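Please read the structure below before turning to the comments.
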Amino acid sequence: MGRTLAVAAAVLVALLVCCSSEVRGKEDEDVLDSLHDFLVTLAGGDESGEKTAGDLGWTKSTDPCDGSGGNNGSDSKWRGIKCFENGASNAGLIKVIDLKSLGLSGTIDAEKLCAAPALRVVSLQDNTLRGGLPAGVSACSGLTHLYVDRNQLSGTLPSSLGSLRKLHVLGVSRNDFSGEIPAGLSDVRGLIRFNANDNHFQGTIPDFDLDKFEIFNVSNNNLTGPIPKRTGRFHDDSFAANAAGMCGEPVFSPCSSGSGESKSKKTRRILMYLGYVLLGAVIVAFVVYKLCSRKKNKLGKKAMVGKDTFDSSNPTTTTTSKSVSVYSLPASAERSPTRKGAASTSLVVLRRSGTASVTSTAAAAAAKDLRFEDLLKSPAELLGRGRYGSSYKVAVAGGAALAVKRVKDASVSDDEFRRRMERVARARHPAVLPPLAFYCAAQEKLVVYEFQSNGSLHKLLHGSIESSQAPIDWPARLHIATKVADGMAFLHAAMRGDGASSYASSTSSSIDSAAAAEGAIAHGALKSTNILFTAGMEPCISEYGVIAPPLAAVIGSSRSSGLRADVRAFGVLLLELLTGKATAAQGDGAELARWVTSVIQEEWTAEVFDRALVSRDGVSEQRMVRLLQVAMRCIDASPGEVPPTMREVAGMINAIREEDDRSLSAEA
């Protein structure tokens, strides 16, 4: 009898478990009606909204989560809907509403939207939505992700956003929002991503704890005052292009004691000191007048043609027709002859060899008889300053334009720098801009190149907003990636000394045959500003080996770390090509890489790519994803995986390029 009861009990338990696994929730009809009306309003209302709802399958008579497709979120009867899976506490209820890039031009009805009780993610990006973000969105209490980027929304952000305690991601960038950023957002402990760039926000930034943030961007607004005290990993690009009054270390100058004060307090402070200012105005004006007069007299005496000198402590440049010098010969080199066995302080002109060269005949001819004194007397124009030095455009006799890289306090000796430049000059490749000449002194080094008037990849990708130039398309970006990869792979082989001959034969380029006996050399500063364009708009690598110290000739950590750093930098370069986003001016691309990684982890990979790419017809997103995978392998290889070499990276990119070419040929 007891055994029979035990068996019956076991059967009963099994039936209960079986039945319970089939129990799932279902959205109420009122919820479905509300969501249908939400989409109609979002699509512009009336007939156009009803048509959009019908096209997307949002009909009141169907359950969006009915069947296996609705539960796993991939084949829901309502397009853009994902539901909780079976077994979850909210199984059968709507989890995600994804309506990005559908051309919706209506307004957001938060009351209808928040009728879904278990809603977690809302994405309305890349539409032309009007109106504002309603305060009623706080009724979506379980919301974790809210994306309304790249619309035409306006007005102020509702303070009620601070009551969304489960919110992790908030994206409101590239709209017309104004007013202040709600202070309550800084109290949302789970918020780790906040994109509010390219709006018209005013006032000060709430005191976010940015140490815990993965993404934070409030650039291109009208914000003022102090930045958050804890800036974490974020730099000036997260706060750039705001009002002039922004302050706070370590990104900006320290805030004065009056920063953050109200206008009335500042006005009272100004009035308090106004008497002192007026009292000293006459004295200050007199002193300034005297100083300016004295300086003008000194400059007048120095303005004689052929007698200009340059003060190394004041590297100001000019583009006037007078012979104004940009460089300074160190005092030690001027006053004492070269010691026996020491590196020469004269300009060293590098010999041309091979045929695969970017340099034109005119530039090579101009550099052939170039002397250091010619650089001193030639008019120069400052092109830019960076972490390692400054770049100038110099017009020498005969009309040829040269580019001069001025490196301060380089970490290599003069003799070693000479050997490095000579080796790089001998490694000729169509995608490499070779040095024409160089100069070594005690405290600085100069490297001379042919000036490339078409600018850099950084300028082409991230030029000014006012630029009328059309964005570069996918084939052009893939072409740039391929050429730069080929050039870097060739240089790594030539400068490392092993396997160079076989690689050179495949690229029909000349290399240094003595490389195997010398130490390996990495680029050391590969970035989009060092990828220049020739007269035929072909990309070429500039400043190879100018910065990085030489690496050990034997296989070991020192050599692999330098070449590995180049591979990682190339991966960041690929991310710039794919995303259209710039890296921080003094950074190494880590922030851009973290952003891409976080987007991929959220399974929003399509959001990574530059809108100028995905909006064009005929572009293969599959090949874009493959190039993205190559970039991520370069930046952060998986645990236990050996990082790829530049030769392997070049092979992967060339395979993508060949497939893309075949696809274009087939379509033609």
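Counting begins at 1 with the first residue of the sequence. Given the structure is predicted, the values throughout are model-derived calculations rather than measurements.
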For this session: List in chain and number order the residues that pass side chain to side chain donor-acceptor pair (under 3.5 Å) with Lys212, two or more places apart in sequence or in another chain; answer none if no residue qualifies.
Result: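 Scan of Lys212 (side chain to side chain donor-acceptor pair (under 3.5 Å), adjacent residues dropped) gives none.
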
Original post:
What pairs with Lys100 under side chain to side chain donor-acceptor pair (under 3.5 Å), at least two apart in sequence or on another chain?
Top reply: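 Per chain and number, Lys100 pairs via side chain to side chain donor-acceptor pair (under 3.5 Å) with Asp98.
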
Quick one: does [X]'s side chain have a donor or acceptor within less than 3.5 Å of a partner on [Y]'s backbone?
X	Y	result
Asn151	Asn127	yes
Asp28	Val31	no
Ser663	Glu659	no
Asn175	Val148	yes

Looking only at side-chain N and O atoms, does [Y] offer a donor or acceptor that is under 3.5 Å from a partner on [X]?
X	Y	result
Arg657	His479	yes
Asn197	Ser219	no
Ser163	Ser160	no
His458	Glu576	no

| Pairs satisfying side-chain hydrogen bond (donor to acceptor under 3.5 Å, both in side chains), at least one member in residues 42-52, at least two apart |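 Qualifying pairs: His36-Glu50, Lys51-Asp55.
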
Has [X] got more than 12 heavy atoms of other residues, nucleotides or ligands less than 6.0 Å from its [atom1]?
X	atom1	answer
Lys60	NZ	yes
Glu111	CD	no
Arg165	CZ	yes

Evaluate the ring planes of Phe194 and Phe208, with Trp represented by its six-membered ring, and classify them as parallel (under 30°), tilted (30 to 60°) or perpendicular (over 60°).
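Rings of Phe194 and Phe208: tilted, 30 to 60°.
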
